[in-house]
Q: 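Handing you this structure, nothing more for now.
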Amino acid sequence: MKSFKQIYNEAENKIAGIAAAPGIVISKVYLFTKEKIKINDGEITDIEEAVSNLYEAIEKSKKELNKIFSIAKEKMEETRAAIFEAQAMILDDPILIENIVKRIRSEKRQPEYIVHDEISKYQDLMRMSHESYMNERAQDIEDIKNRIIRNLQKRRWKSKITNDLIVVSDSLTPADTILLSRCNVKGFVTDHGGLTSHAAIISRSLNIPAVVGTHNATSTIKDGDNIIVDGFHGYILINPNDEQLKFFKKKLEHLIELRKGLEEFKDKPALTNDGHEIQLMANVDVTGEVDIVISSGAKGIGLYRTEQIIEELGEFPGEQEQTTIYSKLSSRIYPDNIIIRAFDIGGDKVKFLNFEEPNPFLGMRGIRVLLENKLIFKTQIRAVLKASKDKNVQFMLPMVSTIGEIRKSKEIIDECKKELKSDKIPFDKQMKVGIMVEVPSAAVMAREFAHEVDFLSIGTNDLIQYLMAVDRGNDFVSDLYQEFSPAVVRTISHIVIEAKKEGKPVSLCGEMAGDTLAIPLLIGLGINSLSLSPATIPYAKRIISKFSFAKARELSNDCLNSSTETEIQHKIEHFFKIHDITRTRNII
Ligand code: PEP
Ligand code: MG
């Protein structure tokens with residue numbers, strides 16, 4: 001059978017975008033085109049009537065948003081649904097409303113023109129920041145603006161959608177996404193929007209596969225076309241041929257097959273068939289994912305990527321805000337542990353103050369930024385400590401490359417502890433502090449680094465990037481990004497052996513932990529704690545139940561003696577075959 005890569009390489013009917021919500025769907029298209037709103041900018045004679053129309057339209061818009069908010073609450077977690085509440089709050093902004101009313105009175109123009117002009121000014125300011133987050137929020141405001149104008153024009157939201165279709169649209173506001181989902185929408189495709197767009201976040205919460213940011217979906221796909229949306233890889237195939245249909249129908253059957261019998265693993269520990277327990281924890285990128293973590297049967301959160309909060313908010317959260325977020329998570333996950341990672345800013349992630357540098361991956365990133373900006377670091381540490389009072393919070397430092405960085409960080413942590421103590425604020429005095437091992441220098445010096453901290457967590461995403469000198473996001477060199485390279489396998493083994501000499505635990509939280517093909521090898525290498533995406537946890541438990549620790553050890557020894565990636569891959573594939581494990585990589 002061909003691979004996804006081959007299918008997509010050969011396809012001439014494909015559109016690429018961003019894989020925003022996982023899953024595969026094959027269905028007919030509903031092309032969702034929003035009527036272009038025409039703005040009447042004419043003069044008015046009756047000012048009082050215009051002002052009263054404005055207030056009426058605002059009230060109507062509020063009612064609509066409240067209705068959407070209650071539908072959203074039924075369908076998803078309340079924290080996610082709260083964006084509609086936030087939108088409704090804009091309609092209560094007295095300064096905005098006052099400005100609009102003042103202008104209607106002084107300019108004597110149609111309220112819809114003034115509303116459009118006044119709100120567009122806010123949007124322009126937001127778009128000027130060039131941050132993707134702010135652009136997304138400007139888009140949310142577009143929804144409110146159009147809602148008020150539509151209500152001023154006394155028009156209704158129209159959609160002729162029938163059930164079970166894939167919605168293809170220029171962009172989707174959060175409200176569109178929620179309202180359309182009531183028609184049992186099978187998938188979403190948009191021209192615009194990124195991973196953090198609310199439409200993408202909502203699709204993930206609703207479990208509807210989505211590909212966003214395609215640029216040309218609406219100009220290429222026609223209403224009624226049959227399409228395949230692949231929310232795992234970020235592709236759409238338009239009017240697929242027989243071979244493509246056969247391939248994806250097989251994948252869908254495979255997905256259904258894989259899901260069967262998974263339930264029985266949910267509440268059980270992850271045990272090899274000779275009783276060796278592996279701790280499977282969850283990676284959390286978005287605060288609202290905690291429900292998914294709990295229902296996945298994870299044993300705690302092994303990596304909470306806090307920089308995502310900055311991405312979601314568009315700014316650094318304050319101490320109080322962070323304390324609330326971390327406390328909520330730690331109490332939800334209690335008595336299991338949560339490992340909160342300090343902001344990993346820089347590289348290809350959130351930029352710090354739009355700081356430009358020639359080589360961001362090798363520049364100001366992770367712990368380097370935090371040590372240079374002590375105030376930001378201290379704010380986060382104080383919040384993490386405050387959330388640690390039930391003793392289930394651990395703190396982890398990203399991108400560490402020298403012992404000096406660990407020592408300086410520990411000094412700052414101690415400083416924060418002293419402050420909280422003198423203010424009589426409770427916290428866990430023994431809160432564990434660990435580091436990510438994701439830079440070759442940390443791997444080579446694993447023993448000495450382990451001596452300084454309570455635990456190590458291997459971040460293979462970056463470790464492979466820095467070890468192989470391959471940009472993790474660069475397609476041109478992606479063939480060299482080899483997680484089964486003997487260099488990677490031996491480095492992981494070295495880290496485990498060295499940390500053991502110090503009696504310190506090692507876990508692994510890069511994407512490699514979620515590559516089901518890698519699991520027996522990693523266990524054989526002595527990793528007994530993996531942190532992976534919650535969706536993969538039940539699959540991982542089932543795989544682990546099929547082999548013994550002794551056999552995994554044999555496999556890893558065999559791989560440690562190999563000299564090419566291909567050799568290692570073949571050995572793993574053979575291992576899967578003789579243990580009757582369905583060959584799966586990243587689930588499908
Ligand atoms: C890693 O590098 O493996 C890791 C888990 O961190 P991130 O992907 O956030 O850089
Ligand atoms: Mg990393």
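Please read all numbers here as calculations on a predicted model, not as lab measurements. We count ligands from 1, going down the list as the structure has it; atoms in each ligand are counted the same way.
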Q: Within the side chain of Lys504, is there an N or O that forms a donor-acceptor pair under 3.5 Å with the backbone of Ala499?
A: no

Q: Using 2.8 Å as a strict upper limit, say whether an N, O or S atom of Asp462 approaches the Mg ion (ligand 2) that closely.
A: yes

Q: Tell me, which N, O or S atom in Glu438 is closest to the Mg ion (ligand 2)?
A: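 Per the distance ranking, Glu438 contributes OE1 as its closest N/O/S atom to the Mg ion (ligand 2).
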
Q: Keeping Glu307 on the side-chain end and Asp344 on the backbone end, is there a donor-acceptor pair under 3.5 Å?
A: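 It does hold such a pair.
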
Q: Can a cation-pi geometry be assigned to Lys551 and Phe549, taking NZ or CZ under 6.0 Å from the six-membered ring centre and within 45° of the ring axis?
A: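 Judged by the rule (NZ or CZ under 6.0 Å from the ring centre, within 45° of its axis), Lys551 is not positioned above Phe549.
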
Q: Hey, could you give me the CZ/CD1 distance between Arg542 and Ile519, rounded to the nearest 0.5 Å?
A: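 Those atoms lie 11.5 Å apart.
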
Q: Without swapping roles, check the side chain of Ser556 against the backbone of Arg553 for a donor-acceptor pair under 3.5 Å.
A: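 Checking the backbone N and O of Arg553 against the side chain of Ser556, a donor-acceptor pair under 3.5 Å is found.
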
Q: I'd like to know if the side chain of Thr536 and the backbone of Leu532 have a donor-acceptor N/O pair within less than 3.5 Å.
A: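 The answer is no, because no donor-acceptor pair under 3.5 Å joins these two groups.
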
Q: Between Asp390 and Asn392, is there a donor-acceptor pair closer than 3.5 Å when you use the side chain of the first and the backbone of the second?
A: no

Q: Write out the protein residues near ligand 1, meaning a non-hydrogen atom under 4.0 Å from one of its atoms, in order of chain and number.
A: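 Lining ligand 1 at under 4.0 Å, by heavy atoms, one finds Leu303, Arg305, Arg341, Asp344, Lys349, Arg365, Met436, Glu438, Gly459, Thr460, Asn461, Asp462, Arg472, Cys509, Gly510.
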
